[in-house]
Q: 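Quick one: the structure is below, and I'll ask about it shortly.
All chains are named by letter (A, B, ...) in the order of the sequence lines, taking the proteins before the strands, and each is independently numbered beginning at 1.
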Number of protein chains: 2
Amino acid sequence: MADVLAFTLRRAGFDVLAVYDGGAAAAAWQHAHPHLIILDLNLPHLDGMGLCRIIRSQSDVPIIMLTVRSGDADVVQGLEAGADDYVVKPFSPSQLVARVRAVLRRTDTALLPVELAAGDLRLDRARNEVHRLGLSPVRLTPLETRLLEMLMLHAGQTMTTDALLNAVWAAEGGDRAMLKQLVYRLRSKIEPDPARPTQIETIPGIGYAFVVR
Amino acid sequence: MADVLAFTLRRAGFDVLAVYDGGAAAAAWQHAHPHLIILDLNLPHLDGMGLCRIIRSQSDVPIIMLTVRSGDADVVQGLEAGADDYVVKPFSPSQLVARVRAVLRRTDTALLPVELAAGDLRLDRARNEVHRLGLSPVRLTPLETRLLEMLMLHAGQTMTTDALLNAVWAAEGGDRAMLKQLVYRLRSKIEPDPARPTQIETIPGIGYAFVVR
DNA sequence: TGTGAGGGTTACAAAATGGTAACAGATGGC
DNA sequence: GCCATCTGTTACCATTTTGTAACCCTCACA
């Protein structure tokens with residue numbers, strides 16, 4: 001199983017280190033400093049859930065869990081243990097790759113510079129503030145920051161609803177209503193005229209796009 | 001079995017190439033560059049699982065596996081080998097067609113470039129907009145975009161009604177009336193004179209063709 | 001000349017989408 | 001304990017998108 005995953009991910013362009021039991025995983029993690037960990041719940045020697053807690057207690061590295069069972073309890077338990085996302089077996093390779101990309105995309109931003117600029121907006125990610133040329137800074141909530149972050153990061157491109165849901169809510173799973181609300185709230189903070197948005201454009205049927213002029 | 005599948009799929013509008021053993025499949029795959037492969041696990045000469053791995057090691061083409069056994073292990077093994085989906089025999093033709101559509105939908109158009117140009121039309125798939133030389137852009141609905149996408153992708157060729165139904169409605173299954181309507185609506189948006197279509201030509205009894213001049 | 005299929009047009013109904021608003025639980029500071 | 005903030009939830013509305021049905025015209029063909 002580990003080998004197949006490694007194969008699939010390498011084909012998708014990732015650099016992969018595969019190990020075959022919990023102890024080895026714990027050791028490898030310390031040495032390799034991976035950008036992301038995929039953890040099977042059923043591991044020999046040291047179970048995935050416990051390992052997840054251990055890793056999480058010492059690092060923020062994103063973790064994706066693999067599980068055979070799809071029971072709600074499992075999922076909840078996994079997320080509580082600190083997993084960033086989970087995939088239920090059986091799954092298709094492309095699905096896993098998609099999840100990996102989504103998680104990396106989401107956490108990648110942790111490595112981003114503190115200040116993000118696009119158009120005449122400047123986002124201070126450390127302080128959750130947006131600055132607009134000359135005007136006084138506006139304070140954002142954590143969620144609003146993550147949404148704006150994604151939009152500015154892909155300024156000029158259309159972000160699909162799904163991509164944004166992934167980016168902002170990750171494994172917790174947001175729905176369209178939540179995104180709708182969040183966009184509304186963000187707009188009311190950063191748009192000169194919220195009723196006629198110029199910064200965050202709606203692309204009907206697809207998603208939203210940050211407009212640079 | 002292969003012939004039955006081929007018949008079913010052709011009736012659904014697909015262009016099918018059937019081969020009867022693993023060796024022939026490997027050869028055919030290289031020459032034909034199919035958009036999707038349906039692979040029986042029980043093949044003479046070279047088993048499906050192995051062939052799947054070989055193909056997968058060299059290409060991203062979507063693969064659907066057929067098998068008699070329904071055990072979880074099998075499913076996992078198949079997906080591990082790189083299959084995108086899995087159908088257990090016996091199955092109904094319509095189920096298979098639905099799977100094929102779903103898989104194609106997931107993988108096919110997603111690989112397309114964002115901008116598609118043909119004649120003096122330019123389709124922006126990210127924004128659901130068509131641009132015509134000099135004129136202001138026209139907004140399309142998601143369905144209209146998918147239809148125009150298919151037509152432009154095969155500019156100059158005649159697309160059969162069935163092929164278009166497949167492309168646009170996929171698993172949800174559209175009928176002729178719906179396509180008729182959609183063509184009408186698309187024409188009224190992109191034709192200079194909708195009453196005398198020049199871009200989207202009707203090929204009576206067969207389908208439609210995108211005309212490049 | 002009648003008939004029917006194919007296709008265009010029109011009109012309307014159903015469903016989805018997106019913006020707005022109000023409210024409630026959770027959280028955290030004071 | 002009190003208050004403000006953040007977030008999720010729900011409801012409402014307008015608009016757009018999509019599906020459905022009816023009607024018409026044309027053309028091939030008996």
Q: How do A:I203 and B:R187 order along DNA chain C: which one's closest nucleotide is nearer the 5' end?
A: B:R187
Q: Expressed in angstrom and rounded to an integer, what is the separation of A:L147 atom CG from D:dC6 atom P?
A: 15 Å
Q: Can you work out whether A:A177 or B:R139 has the more 5'-proximal nearest nucleotide on DNA chain D?
A: A:A177
Q: Could you check if a side-chain atom of B:V130 sits within less than 4.5 angstrom of a side-chain atom of B:P137, using non-hydrogen atoms only?
A: no
Q: Can you tell me which nucleotide in D:dT9, D:dT17, D:dC6 comes closest to the side chain of B:P142?
A: D:dT17
Q: Are side-chain heavy atoms of A:L66 and A:L5 found at a separation under 4.5 Å?
A: yes
Q: Does A:L182 reach a base, just sugar-phosphate, or nothing at all? Heavy atoms under 4.0 Å.
A: nothing
Q: If you walk 5' to 3' along DNA chain C, what is the first nucleotide with an atom under 4.0 Å of a heavy atom in chain A, and what is the last?
A: C:dG18 to C:dA22
Q: Between the side chains of B:T202 and B:R187, is a donor N or O closer than 3.5 angstrom to an acceptor N or O?
A: yes
Q: Once you apply a heavy-atom cut-off of 4.0 Å, does A:R176 come out as touching a base, just sugar-phosphate, or nothing?
A: nothing
Q: With A:R139, which residues qualify under side-chain contact (heavy atoms from CB on, under 4.5 Å), at least two apart?
A: A:E129
Q: Could you tell me whether a side-chain N or O of A:R122 sits under 3.5 Å from a main-chain N or O of A:H131, the two making a donor and an acceptor?
A: no
Q: Please pick, from D:dT9, D:dA11, D:dT20, the nucleotide with the shortest atom-to-atom distance to any side-chain atom of A:K180.
A: D:dA11
Q: Who passes side chain to side chain donor-acceptor pair (under 3.5 Å) against A:D124, sequence neighbours left out?
A: none
Q: Check the phosphate of D:dT7 against A:W169, side-chain N and O only, distance under 4.0 Å to OP1 or OP2. Yes or no?
A: no
Q: Nearest-Å distance, OH (A:Y184) to C1' (D:dT7)?
A: 15 Å
Q: Side chains of B:Y20 and B:D40: is there a donor and an acceptor less than 3.5 Å apart?
A: no
Q: Mind calculating the distance between CD (A:Q181) and P (D:dT10) to the nearest angstrom?
A: 12 Å
Q: Taking atom P of D:dT9 as reference, at what distance in whole Å does atom CZ of A:R185 sit?
A: 11 Å
Q: Write down the distance between CG (B:L186) and C1' (D:dT18), rounded to a whole number of angstrom.
A: 14 Å
Q: Would you indicate what B:E144 reaches in the nucleic acid, counting non-hydrogen atoms under 4.0 angstrom: base, sugar-phosphate, or nothing?
A: nothing
Q: What does A:G205 touch in the nucleic acid at a heavy-atom separation under 4.0 angstrom: a base, only the sugar-phosphate, or nothing?
A: sugar-phosphate
Q: Grab the CG-P distance between B:L165 and D:dG19 for me, whole Å please.
A: 11 Å
